[in-house]
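Below is one structure; the comments refer to it alone.
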2 protein chains.
Amino acid sequence: MAKLADVAKLAGVSVTTVSRVINNYGSLSEKTKTKVFAAMHTLNYQPNSVARSLQGKSSRLIGLIFPGVSNPFFGELVQTLENKLSALDYRVILCNSVNNADTERAYLRMLQANQVAGIITGTHNLTIREYEHVDAPIISFDRHLGDNIPIVSSDNYAGGKLATELLIKTGATCIVMISGANRPNSPTNLRVKGYEDSLQQADLPTHVLELPFSMSPTLKRVEIRQHLTTLKPDAVFCSDDLTAILVGDVAQELGLKIPEQLKLVGYDGTRLIQDYQPQLSTVVQPIGDLADLMIQLLRQRIKDNKVQLQAQYTLPVSLHTGASVLATKA
Amino acid sequence: MAKLADVAKLAGVSVTTVSRVINNYGSLSEKTKTKVFAAMHTLNYQPNSVARSLQGKSSRLIGLIFPGVSNPFFGELVQTLENKLSALDYRVILCNSVNNADTERAYLRMLQANQVAGIITGTHNLTIREYEHVDAPIISFDRHLGDNIPIVSSDNYAGGKLATELLIKTGATCIVMISGANRPNSPTNLRVKGYEDSLQQADLPTHVLELPFSMSPTLKRVEIRQHLTTLKPDAVFCSDDLTAILVGDVAQELGLKIPEQLKLVGYDGTRLIQDYQPQLSTVVQPIGDLADLMIQLLRQRIKDNKVQLQAQYTLPVSLHTGASVLATKA
DNA sequence: GTGAAAGCGCTAACAG
DNA sequence: CTGTTAGCGCTTTCAC
């Protein structure tokens with residue numbers, strides 16, 4: 001790979017000059033510029049960004065720490081982030097924390113060692129206050145990671161209410177909520193809160209079933225079947241779409257007609273679900289807007305790490321209504 | 001962030017010595033080692049990998065170029081690759097080529113500028129012979145990119161036969177195949193070939209419907225509905241699971257019972273599909289093995305870029321049989 | 001067993 | 001308008 005000095009020699013100028021035309025700075029004569037461009041072209045020159053970031057320039061590398069891209073929600077979020085970042089001439093280092101604190105710590109160190117310009121993290125890990133000792137700017141998706149780390153999320157509480165009220169409106173009276181495990185700081189807690197408040201307001205009982213994020217789908221099915229047969233609810237609200245699909249499956253196995261005998265609402269509303277399970281009603285998180293906002297905030301911090309940002313940014317959710325719920329009163 | 005010189009000063013030794021203990025190289029007295037380790041620890045020292053790779057050491061950065069992680073198959077493949085690479089102390093730069101040749105060219109340049117140690121690409125782009133001018137080692141997933149670039153794939157031809165023969169065995173006689181657009185070098189072509197050969201052998205007619213990868217699910221539904229009503233097939237084989245889900249949906253809308261009136265087989269067999277659509281029969285690609293092999297080959301090339309590798313490595317597929325096909329003869 | 005010093009490819013004062 | 005030169009943080013000969 002050709003280097004700056006090669007280009008300089010070929011163009012018959014100094015390395016400084018070449019550096020200047022590359023970075024378009026200082027004053028250059030048109031003639032030199034042309035010469036240099038020509039040399040760069042014939043040598044197929046590509047600046048070495050490692051050398052560049054060594055001497056202080058931004059690496060334009062962004063670390064993305066998420067539980068994993070095989071989950072459709074995170075897959076779409078990561079892809080959206082990557083697309084938008086890449087359009088802004090940033091590159092993305094992908095980190096799958098698999099919800100393991102040690103792994104995450106290691107990633108954090110690694111990202112710093114690689115001089116990343118910033119980090120966006122949406123991991124499910126908790127208690128990692130070590131985030132506060134990272135000097136690269138950080139934006140968090142949906143988690144509290146430290147007092148100076150802005151949180152971007154969609155309105156989990158409103159989402160919980162939205163879903164529950166939809167179910168109440170259709171006449172359901174025994175509405176079960178299936179959520180991930182109740183862990184401190186978890187964003188799904190607010191979804192549960194929205195659910196509980198809505199039911200309380202309507203004077204209806206609450207039933208929350210917690211199925212850990214990490215539980216296998218097969219086990220989840222077992223739990224769901226048991227609850228469906230025991231409680232005989234007429235509606236289920238799941239804090240994610242995948243679990244909702246499981247509920248739909250089990251209901252069918254039990255001969256329960258959806259939505260006649262069981263109404264169902266999920267959460268997340270990824271493109272994948274809307275395209276391939278359009279009958280599933282779900283609370284839609286605005287992935288594109290979330291990504292835009294996180295990037296915008298991160299860039300502000302990259303420009304000036306001291307800039308004061310809000311502790312929390314909340315974006316509105318919307319409702320996708322499909323056949324899994326009837327819009328009419330029962 | 002502390003640097004080598006800081007550690008050296010604190011430990012009362014030279015930078016050389018510190019570098020030696022970090023890289024475990026040359027001969028050091030236990031005493032110095034201990035001192036240095038202590039200093040590294042109190043300073044929370046982390047070697048700057050940018051500086052490291054500048055002076056010649058490997059960046060331990062691997063570029064991953066795929067159409068996008070929002071597709072479950074690529075999402076799982078990328079996640080698997082990332083997990084395994086990260087366990088080997090490599091980091092991953094994620095590139096979503098979105099099937100755009102220019103984007104991909106830009107990614108290739110960028111990856112080289114970042115001194116990546118190697119590249120794994122599974123993009124849907126074609127004709128990019130520019131791959132041959134990249135000096136980082138490359139391994140390709142399922143595409144021909146140049147004579148010296150090994151291709152790793154699962155056995156698409158066998159997969160096509162497997163699915164088709166399953167359908168034939170159940171008594172289907174009008175078996176439609178829905179594949180992605182027929183493009184040169186596309187791996188799905190071999191799946192179609194397997195389908196055609198199986199039917200020819202059984203003296204049955206072939207019907208291939210091509211729906212471009214990029215076509216919207218809504219449009220795909222329209223096309224599928226039209227073909228289902230016109231041709232009235234008794235079985236459909238799709239070259240990917242998502243399209244198979246669409247077929248299942250449309251069939252249900254048309255009042256066609258699966259598998260009694262319509263048998264259905266998909267392709268890919270991701271964890272997601274097996275967990276959430278277990279009734280769908282599908283040809284399962286061995287994602288873990290594919291990832292292992294690609295990484296193994298890449299590491300060989302990283303160690304010695306001249307090492308002779310096969311042009312093509314083909315891994316066996318398997319069949320997941322669900323209720324969308326009856327295993328008994330009709 | 002340990003250190004001094006050159007240099008990886010690039011940028012940015014500082015001179016002219 | 002252009003060139004000389006000193007590093008960025010680290011590894012690695014070559015000395016001692």
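Predicted model only: the values in this text are computed from it and were never measured. Convention: sequence-line order gives letters A, B, ...; per-chain numbering from 1.
Counting any heavy atom pair closer than 4.0 Å across all strands shown, B:Val13 reaches sugar-phosphate atoms only and no base atom. Heavy atoms of A:Thr17 sit under 4.0 angstrom from primed sugar atoms or phosphate atoms, though from no base atom. When heavy atoms are screened at a 4.0 angstrom cut-off, B:Ser27 is found touching base atoms of the nucleic acid. Contact annotation for A:Leu28: backbone-only contact, meaning every heavy-atom pair under 4.0 Å involves sugar-phosphate atoms and none involves a base.
A:Lys3 places its NZ atom 3 Å from the P atom of C:dG9, with the value rounded to the nearest Å. C:dG1 atom C1' lies 11 Å from atom NZ of B:Lys35, rounded to whole Å. In this structure, A:Arg20 places its CZ atom 12 Å from P of C:dT11, rounding to the nearest Å. A straight line from CG of B:Asp6 to C1' of D:dC8 spans 13 Å, rounded to a whole angstrom. Atom CG of A:Leu54 is separated from atom C1' of D:dC8 by 5 Å (rounded to the nearest Å). Counting to the nearest Å, the P atom of D:dC10 and the CD atom of B:Gln55 are 10 Å from each other. Nucleotide C:dG9 holds its P atom 8 Å from the CD atom of B:Gln115, rounded to whole Å. Here the P atom of nucleotide D:dT13 and the NZ atom of B:Lys57 are 10 Å apart, to the nearest Å.
Comparing A:Tyr25 and B:Ala51 against DNA chain C, the residue whose closest nucleotide sits nearer the 5' end is B:Ala51. Of the two residues contacting DNA chain C, namely A:Tyr45 and B:Ser14, the nearest-nucleotide position lying further toward the 5' end is that of B:Ser14.
Side-chain contact check for A:Leu28 versus A:Val36: every heavy-atom pair is 4.5 Å or farther apart. Looking at B:Tyr45 and B:Asp6, their side chains never come closer than 4.5 Å, going by heavy atoms from C-beta outward.
Counting only heavy atoms from C-beta on, B:Ser29 has its side chain closest to C:dT2 among C:dT2, C:dG7, C:dG9. Nearest nucleotide to the B:Asn48 side chain, out of D:dT12, D:dG9, D:dT5: D:dG9. Out of D:dT13, C:dA13, D:dT2, the shortest distance to the side chain of A:Thr16 is found at C:dA13. Of the listed nucleotides (D:dC10, D:dC1, D:dT12), D:dC1 has the atom at the smallest distance from the side chain of A:Thr32.
A sub-4.0 Å separation between OP1 or OP2 of C:dT11 and a side-chain N or O of A:Ser19 is present. The shortest distance between the side-chain N/O atoms of A:Arg52 and the OP1/OP2 oxygens of C:dT11 is below 4.0 Å.
Residue A:Asp304 places its CG atom among more than 12 non-hydrogen atoms of other residues, nucleotides or ligands, all under 6.0 Å distant.
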